There are 2 protein chains.
Amino acid sequence: MQVQAIQVACSNCNLRELCMPVDLTETDVAKIDQLVQTRRKIKRGQALFTAGDPFTSLYAIRTGFFKTSVVTDGGLDQVTGFQMAGEIMGLDGIVNQVHRCDAIALEDAEVCVMPFERMEELSREVNALQHHVHKIMSREIVREHSVMLLLGSMRAEERLAAFLLNLAQRLHARGFSRSEMILRMKREEIGSYLGMKLETVSRTFSKFVDDGLILVNQRHVQILDADGLHRIVHTAQVD
Amino acid sequence: MQVQAIQVACSNCNLRELCMPVDLTETDVAKIDQLVQTRRKIKRGQALFTAGDPFTSLYAIRTGFFKTSVVTDGGLDQVTGFQMAGEIMGLDGIVNQVHRCDAIALEDAEVCVMPFERMEELSREVNALQHHVHKIMSREIVREHSVMLLLGSMRAEERLAAFLLNLAQRLHARGFSRSEMILRMKREEIGSYLGMKLETVSRTFSKFVDDGLILVNQRHVQILDADGLHRIVHTAQVD
DNA sequence: CGACACCTTGAAGAGGTTCAAGAAATGTGG
DNA sequence: CCACATTTCTTGAACCTCTTCAAGGTGTCG
């Protein structure tokens with residue numbers, strides 16, 4: 001496990017508005033800079049944590065791209081999310097002080113380690129941080145609701161269209177192109193996340209290409225007609 | 001909207017260990033008793049809150065049974081959960097100060113209103129409450145992961161078996177029979193939650209009856225062979 | 001008791017899965 | 001740097017699960 005002392009304080013981090021509260025007083029800023037003492041580098045394919053690991057910290061992604069997934073004793077495997085810079089991982093560990101999913105780096109990554117006890121302490125002193133923690137968790141709950149909607153009521157094309165639009169939107173919020181992206185995950189992982197088989201993912205990609213909605217070259221995807229994709233998602237009608 | 005002053009303090013509530021932290025000092029108990037100043041009664045079919053309502057409070061169910069669901073502009077409808085006594089609703093509202101789902105009473109109900117600003121204040125003073133709030137939210141995230149697993153990787157029979165076992169287990173934790181229950185929701189709502197059509201829910205119930213796993217009489221369900229149901233859930237194998 | 005909502009069951013059909021084969025990319029060792 | 005092995009992706013064809021549509025049954029409540 002690669003651990004290293006930190007070079008950049010939160011207050012100077014370019015991801016600050018993504019993972020930390022804004023509108024802090026100077027003294028609050030100074031306190032929060034104490035929170036992240038270490039960073040960890042994770043090589044592609046390596047786990048940041050796996051189910052069963054004791055929970056000690058939340059992790060903010062500084063660079064790289066992750067997937068989180070739950071596994072059952074039966075061997076079932078479900079990808080529960082894909083995380084990118086500025087997003088927080090590890091929230092599932094708080095209840096029982098044990099991680100309940102795996103977090104795997106899909107490309108070389110670096111995360112900020114935020115010891116949770118320290119966060120709770122600081123939250124009592126810095127109201128903005130307290131509220132921020134609550135918001136992060138609430139946001140995750142809302143996100144999962146929308147995944148439930150996707151898995152529970154949409155068909156394959158709608159799911160994949162929604163997935164691509166969501167990825168593009170998040171990447172764009174981080175300064176990348178709104179229409180072009182490199183997928184960090186394989187078809188099988190997309191399929192697991194979206195509740196469909198990898199063959200169906202591949203076929204649906206091909207269909208979108210035939211319909212002139214996107215261009216696909218392996219993991220390079222270009223969105224040609226975002227409105228068309230939106231229309232597919234919202235064609236998801238009740239009878 | 002029915003609001004009323006409170007008769008039972010948290011410290012005397014029989015649901016205390018379900019919705020409040022344990023191991024409090026006397027002074028902490030006194031503080032927490034200040035949290036719930038009002039209760040609200042909700043008639044069957046009425047909404048406690050709906051998507052778009054401003055968020056002010058979390059709600060602890062004292063009696064009754066709820067469903068929560070998200071609706072899209074497209075008219076899609078997804079039940080995201082069923083809640084019973086001692087469980088907390090409203091967590092989705094924290095991020096943007098707006099509720100993002102509907103909470104509908106499936107039987108006459110009463111909830112304790114917990115103003116969230118008050119909770120944040122108290123959390124700064126009472127460490128146990130702070131940690132408790134974090135645990136509640138984390139537990140909800142973990143629960144939703146398991147729903148994603150269910151929706152993403154299980155087939156109809158596995159989903160319904162898992163659903164029945166989960167309900168039975170939660171009811172049993174509240175002192176009810178481990179094997180007999182009255183469903184508070186209709187087939188359509190079960191179907192929405194489990195990502196299947198009401199006809200499929202009905203057919204699957206019938207199959208379980210044929211197989212001697214359960215007895216069904218409308219909404220009265222009796223589990224005859226819990227092990228058999230467990231086997232169905234865990235037969236969910238990866239090849 | 002009649003109207004309405006809810007549930008069950010059948011038959012036909014669609015959407016997605018499974019199995020299989022081959023193509024394209026990626027990694028490895030000489 | 002090339003040959004080979006491995007992984008990942010695409011596509012086809014048959015099959016299966018679940019949905020859709022339809023009709024009839026059952027329960028409930030004014």
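Side chains are part of it too, since the values below use all heavy atoms of this structure and drop only hydrogens, waters and symmetry mates. Because the structure is a prediction, the values reported are computed rather than measured. The sequence lines fix the lettering, A, B, ..., with proteins before strands; numbering per chain opens at 1.
Distance from the side chain of S206(B) is smallest to dT9(C) among dC18(D), dT9(C), dT11(D). Relative to the side chain of A156(B), the nucleotides dC18(D), dT11(D), dG16(C) differ in distance, and dC18(D) lies closest. Closest approach to the Q218(A) side chain among dC7(C), dA25(C), dG16(C) is made by dA25(C) (side chain taken as heavy atoms from C-beta onward). For R203(A), the listed nucleotide lying nearest its side chain is dG12(D); candidates were dA11(C), dG12(D), dT10(D). Considering only side-chain atoms of N217(A), the nucleotide from dT20(D), dG27(C), dA25(C) that sits closest is dA25(C). Of all nucleotides listed (dT10(D), dT19(D), dT8(C)), dT19(D) comes nearest to the side chain of K197(B).
Projected onto DNA chain D by closest heavy-atom contact, R44(B) and E157(B) fall at different nucleotides, the more 5' of which corresponds to E157(B). Toward the 5' end of DNA chain C, the nearer of the two residues L198(B) and G195(A), judged by each one's closest nucleotide, is L198(B). Residue E188(A) is the one, among R155(A) and E188(A), whose nearest nucleotide of DNA chain D lies closer to the 5' end (criterion: closest heavy atom).
The separation between I182(A) atom CD1 and dA25(C) atom C1' is 14 Å, rounded to whole Å. Regarding E199(B), its CD atom lies at a distance of 15 Å from the C1' atom of dA14(C), rounded to whole Å. Taking atom CZ of residue R184(A) and atom P of nucleotide dC9(D), one finds them 13 Å apart after rounding to whole Å. Summarising the geometry, the separation between CZ on R187(A) and P on dA24(C) is reported as 15 Å, rounded to the nearest angstrom. As rounded to whole Å, 15 Å separates atom C1' of dA25(C) from atom CG of L183(A). Rounded to a whole Å, the CZ atom of F205(A) is 9 Å from the P atom of dC9(D). Atom NZ of K207(A) and atom C1' of dA14(C) are 14 Å apart (whole Å). With rounding to whole Å, E189(B) atom CD is found 15 Å from dA5(C) atom P.
Close to dT8(D), at under 4.0 Å from its OP1 or OP2, lies a side-chain N or O of K186(A). Between T200(B) and the phosphate of dT19(D), there is a side-chain N or O to OP1/OP2 separation shorter than 4.0 Å.
By the 30° and 60° cut-offs, the orientation of the rings of F49(A) relative to H99(A) is parallel.
A donor atom on one side chain and an acceptor atom on the other are not found under 3.5 Å apart for H145(B) and Q78(A).
Only one option out of R44(A), K43(A), R184(A) pairs with E107(A) in a side chain to side chain donor-acceptor pair (under 3.5 Å); it is R184(A).
With rounding to the nearest 0.5 Å, the separation of NZ in K207(A) from OG1 in T200(A) is 13.5 Å.
Within a 6.0 Å radius of NE2 in H230(A), other residues, nucleotides and ligands contribute 12 heavy atoms or fewer.
The base of dT7(D) is not paired with the side chain of R219(A) by any donor and acceptor separated by under 3.5 Å.
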